[in-house]
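Presented below is the structure to which this report refers.
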Amino acid sequence: MKNVLHVSSECYPAAKAGGMGDVVGALPAYLPEHDILASVVIPKYKIKWFLDKIFTTIYEGTFPIGDQKQSFTVQKLTSTGMPFPFYCIDLPGLFDRDSIYLAENGQGFKDEPKRNIAFQTAVMEWLIVRYEKFDIVHVHDHMMGLIPFFMKFCPKYKKLKNNPSILSIHNGSYRGQFVWNEVKSFLPEIADSDLGVLDWDGQINSLATAIKCAWAIITVSPAYMLELVRDSDTLSPLYATELNKCQGILNGIDSKNWDPRSDTYLSEHLKSYKKEDWITFKAANKALLQEKYKLKKDRPLIGFIGRFAFQKGADLLADAIRAGLASKMKFNAFILGSGDKELEQKVMHLSNAFPGVVGTEIAYNEQLARLVYAGCDFLIMPSRFEPCGLNQLYSMRYGTVPIASHVGGLKDTVIDVINGGQGIVINTLDQNGLMNGISRAIKLFKDKKKFLKLIHTITQLDYSWNNSASLYAKLYSKYLN
Ligand code: ADP
């Protein structure tokens with residue numbers, strides 16, 4: 001069996017802030033059937049999952065960073081908890097915090113450049129002593145984007161020069177850009193003549209560096225790859241230059257973990273895939289959500305789950321819900337998310353203005369998310385861009401019809417019912433476009449026969465990792481031969 005090491009800042013269930021955590025926590029489990037043993041390494045955070053797990057230290061080291069020495073240990077999970085070999089790196093003072101990315105004020109940690117570089121350096125320090133163990137190093141997003149560069153250009157790590165590295169882009173809008181003179185001293189030794197590779201537009205740009213240095217670039221859907229080439233502001237020309245090593249592979253979902261029949265986060269489970277059992281399942285979970293948030297009955301319930309960031313369009317959604325309800329449209333909405341503080345306020349005001357109609361929870365809450373997927377009739381995703389989007393896949397698996405904008409991975413996975421597909425597509429991403437989508441959902445909900453047929457159709461779709469894992473295996477085999 002060949003070995004691949006996934007290097008990431010998230011891995012479900014240990015540490016998850018979004019879709020990348022889901023992917024890194026699921027894909028490796030689907031690779032052994034393709035003769036690939038995939039392991040994962042992430043930073044060791046001081047968060048709940050780690051507390052009752054047992055780790056064995058397999059490597060200890062130190063490296064210089066700035067004018068200090070950083071110690072670290074690589075620890076392997078020896079208790080249960082992950083379905084594949086799982087490592088974490090303990091970097092005292094840098095990652096032993098109770099949040100993955102954000103400080104208490106909701107902003108990123110101030111020492112992000114140092115933390116990122118330190119973790120990536122620790123990975124390299126470990127890899128040069130274990131370089132024969134991993135045939136491919138697969139890094140995720142800009143946080144790990146310097147590793148393909150370190151492998152190729154750092155004299156200290158030259159043993160890894162010819163090892164293939166692969167970059168997955170889960171979100172190309174975050175780039176890990178650092179001001180040269182603030183960060184240069186944190187880098188391992190690099191020849192002056194090679195420093196230019198790190199530069200894009202006068203700054204160190206971790207994503208651009210990875211795009212230049214990795215052997216293959218994967219985006220998490222085919223449509224998003226095309227969008228990056230066409231419309232990624234200053235990075236578009238770089239994607240165009242590197243196009244021959246770029247490929248989009250649609251994310252899958254972990255159908256064992258996301259199973260309405262056994263989801264451990266749910267109290268009401270699906271008994272079987274028979275139509276009548278779906279009706280019971282949806283009704284029971286909807287009732288729980290309605291009771292908990294004191295929502296009116298007999299209305300379609302439209303859910304939203306996501307980060308309150310420009311990308312996800314929750315601002316547009318709040319305006320459209322307000323306008324729709326003001327114009328007497330009959331629906332309930334439930335919003336689960338957190339992020340931008342102004343938007344959090346806006347959503348709370350909306351909920352206060354429409355008691356019994358708009359429910360909200362400003363939080364990151366995995367258990368509640370599962371109830372929203374199970375209990376809503378529709379899940380709305382007014383994303384301005386969406387590298388893949390997992391919510392629409394989870395919602396369909398739980399019998400919830402997606403209402404989605406026509407971007408990125410949503411384009412690849414949500415076809416409008418008008419065109420024989422399985423959801424409602426928002427073609428114009430503005431207040432009217434969203435209200436139109438909601439109004440179509442209300443109409444569809446009233447046509448019980450058509451609505452139930454649609455639920456039956458979406459729950460039959462297979463978006464499991466099986467298909468996509470074989471595409472990854474094919475990609476790996478290209479570099480293993
Ligand atoms: P992102 O851009 O945030 O990574 P994805 O659609 O790829 O978006 O993945 C989002 C993942 O994060 C899904 O598993 C979704 O259920 C989860 N998620 C997002 N926001 C929340 C929240 N507030 N509470 C619980 N889960 C959330």
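Both ligands and their constituent atoms are indexed starting at 1 by order of listing.
At a heavy-atom cutoff of 4.0 Å, ligand 1 is surrounded by K16, G18, G19, D22, I305, G306, R307, Q311, K312, L336, G337, A363, Y364, N365, E366, A369, Y373, G389, L390, N391, Y394.
Within the 3.5 Å criterion, the main-chain N or O of W49 finds a donor-acceptor partner in the side chain of K53.
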Given E366 and R370, is the salt bridge (Lys or Arg N to Asp or Glu O under 4.0 Å) satisfied, shown in steps?
-> CA-CA 6 Å; E366 185 80 32; R370 307 285 177 126; 3.0 Å; yes
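Applying the side-chain contact (heavy atoms from CB on, under 4.5 Å) test to A17 and every residue at least two apart in sequence or in another chain returns E10, I100, Y101. Looking at residues two or more places apart in sequence or on another chain, you find a side-chain contact (heavy atoms from CB on, under 4.5 Å) between D315 and L343, R384.
For the side-chain hydrogen bond (donor to acceptor under 3.5 Å, both in side chains) condition, the pairs that include at least one residue of residues 406-425, sequence neighbours left out, are Q392-T413, D416-R440.
Using a cut-off of 4.0 Å between Lys/Arg side-chain N and Asp/Glu carboxylate O, K312 and D340 are scored as not salt-bridged.
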